[in-house]
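In what follows, a single structure is set out as structure tokens and then discussed.
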Amino acid sequence: MSEAFTHKGLESPRLMSEMLLSHVLGCQRLRLYMEPDRPATELERNNLRDLVARALKHEPVQYLVGEAWFFGLAFAVDKRVLIPRPETQVIVEYVLQHARNTSGFGGSAGDGVLLADVCTGSGCIASSLLFSMKNARAIATDISPDALAVARLNAVRQGVIDRLDLLQGDLLAPLAEHPIARSHGSLHYLVSNPPYIPDSEWDAVEPNVKDHEPAIALRGGPDGLDFVRPIFAGAAPLLREGGLILVEVAAARAEEAEAIARSTPGLRDVRILRDLANLPRVIVATKSA
Ligand code: GLN
């Protein structure tokens, strides 16, 4: 199976094979190595054959097994949402570190902290942050009611639904209706992984992404900044002094996105964070006084 995946040019063939196999056998991946000789039943073999055939047609394995890992947590995923990517963890890690090290930002439990996650999708950023900051609250927005249904499921799964408000609407618009966020200067953090693939890069996107993940969660217009611009433009008034905005962007557009943030009134200390592949990936800025 692993060789067939390699041959088709699928990413992480061995991991993908293990994910499918453990899914079909209903066990954890480690057990595959503990009982290497257990014969599979006919039903298991048929299920596996079916899933492998679909994976070879570039259906993402995370959709086939209904799950993706992010920040050490298992999130439910299906074709209604973008599959969480490891690079997005940069946002979660940065916020947690900032909260721990900055007085007035709630410490490691996030006491009194209010976050907004715009374009939440599966809810992986908001739920991971609330999972780690046990006393923080969050508002997550998405234009897609389908995505919000998945985000809700995941917030229940991670035990954070009591501290999360899920709101449907375009970018920052739902925040203007929220009883707390609408009073200016209430947010400690505004985070977002908006759709950001530029039209010019769309043709080159891998088939597992382009043909199966929701285009609405991926495409960011001609330069990939169609959503990045209005998020920066509207964020400053919502943030409290010293609060942070963190937005994930296309690596090739990071400098332009940085320039947008620098020219936004009310923001200071604009910087770029690199992801695990050392690509410029997240623009951070601080709300000025
Ligand atoms: N990182 C994703 C990809 O390149 C894009 C995610 C996004 O548009 N927010 O496949």
Side-chain angles (χ1 to χ4, degrees), residues 9-12 15-16 55 58-64 68-71 75 77-95 116-129 140-144 146-148 150-151 154 170-172 189-232 235 245-258 260-261 272-284:
L10 303 195
E11 243 176 79
S12 317
L15 176 62
M16 295 303 137
H58 302 284
E59 253 184 85
V61 172
Q62 292 91 336
Y63 288 162
L64 295 174
W69 289 84
F70 180 84
F71 205 69
F75 284 87
V77 292
D78 60 36
K79 60 181 171 28
R80 292 175 289 179
V81 295
L82 187 78
I83 296 166
R85 308 286 204 270
E87 50 267 35
T88 307
Q89 292 175 182
V90 168
I91 294 180
V92 176
E93 279 155 13
Y94 196 89
V95 168
D117 176 16
V118 175
C119 308
T120 195
S122 66
C124 65
I125 304 179
S127 279
S128 300
L129 284 170
T141 78
D142 206 287
I143 198 156
S144 157
D146 276 350
L148 286 174
V150 179
N154 280 320
D170 193 23
L171 300 174
L172 305 173
Y189 300 101
L190 193 156
V191 297
S192 184
N193 173 19
Y196 62 63
I197 299 180
D199 289 348
S200 53
E201 292 179 22
W202 184 246
D203 281 348
V205 170
E206 296 289 334
N208 59 311
V209 178
K210 186 162 56 174
D211 301 341
H212 295 281
E213 294 194 78
I216 187 183
L218 290 164
R219 303 195 66 164
D223 61 2
L225 298 169
D226 275 9
F227 303 103
V228 173
R229 272 189 206 90
I231 291 171
F232 275 110
I245 172 171
L246 297 95
V247 182
E248 186 173 329
V249 299
R253 306 294 160 149
E255 283 183 19
E256 280 163 85
E258 185 189 24
I260 291 170
I272 300 182
L273 307 180
R274 289 179 173 264
D275 65 17
L276 302 158
N278 204 32
L279 294 169
R281 182 60 67 195
V282 174
I283 311 299
V284 193

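Atoms within a ligand are numbered from 1 in the order they appear, just like the ligands themselves.
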Heavy atom of the protein closest to atom 3 (C) of ligand 1 (residue, atom name, distance): Arg85 NH2, 3.8 Å
For Glu87, the ligand 1 atoms whose distance to one of its heavy atoms is below 4.0 Å: 1 (N)
Any Arg219 heavy atom less than 4.0 Å from ligand 1: no
Other residues, nucleotides, ligands: >12 heavy atoms within 6.0 Å of Glu93 CD: yes
Minimum heavy-atom distance Pro195-Phe227, with the two atoms named: O-CD1, 3.4 Å
Val118 backbone acceptor or donor facing Thr141 side chain under 3.5 Å: no
Contacting atoms of ligand 1, where contact means under 4.0 angstrom from a heavy atom of Leu218: 5 (C), 8 (O)
Protein heavy-atom partner closest to atom 8 (O) of ligand 1 - residue, atom, separation in Å: Tyr196 N, 3.0 Å
Heavy-atom check, side chain of Ile283 versus side chain of Ile260, under 4.5 Å: no
Where Glu256 and Leu225 come nearest, the two heavy atoms and their spacing: CB-CD1, 3.8 Å
Nitrogen or oxygen atoms of Pro194 and ligand 1 under 3.5 Å apart: yes
Atom 4 (O) of ligand 1 [closest protein heavy-atom partner, distance rounded to 0.1 Å]: Ile197 CD1, 4.0 Å
Ligand 1 to Glu248 polar contact by distance, N or O atoms, under 3.5 Å: no
Test item: Leu172 and Pro230 side chains (from C-beta on) under 4.5 Å apart, heavy atoms: no
Sub-4.0 Å heavy-atom approach of Cys119 to ligand 1: no
Pairs meeting criterion side chain to side chain donor-acceptor pair (under 3.5 Å) with involvement of residues 198-214, two or more places apart: Arg85-Glu213, Asp199-Arg219, Ser200-Arg253
Interfacing atoms of ligand 1 (cut-off 4.0 Å, heavy-atom, Pro195): 8 (O)
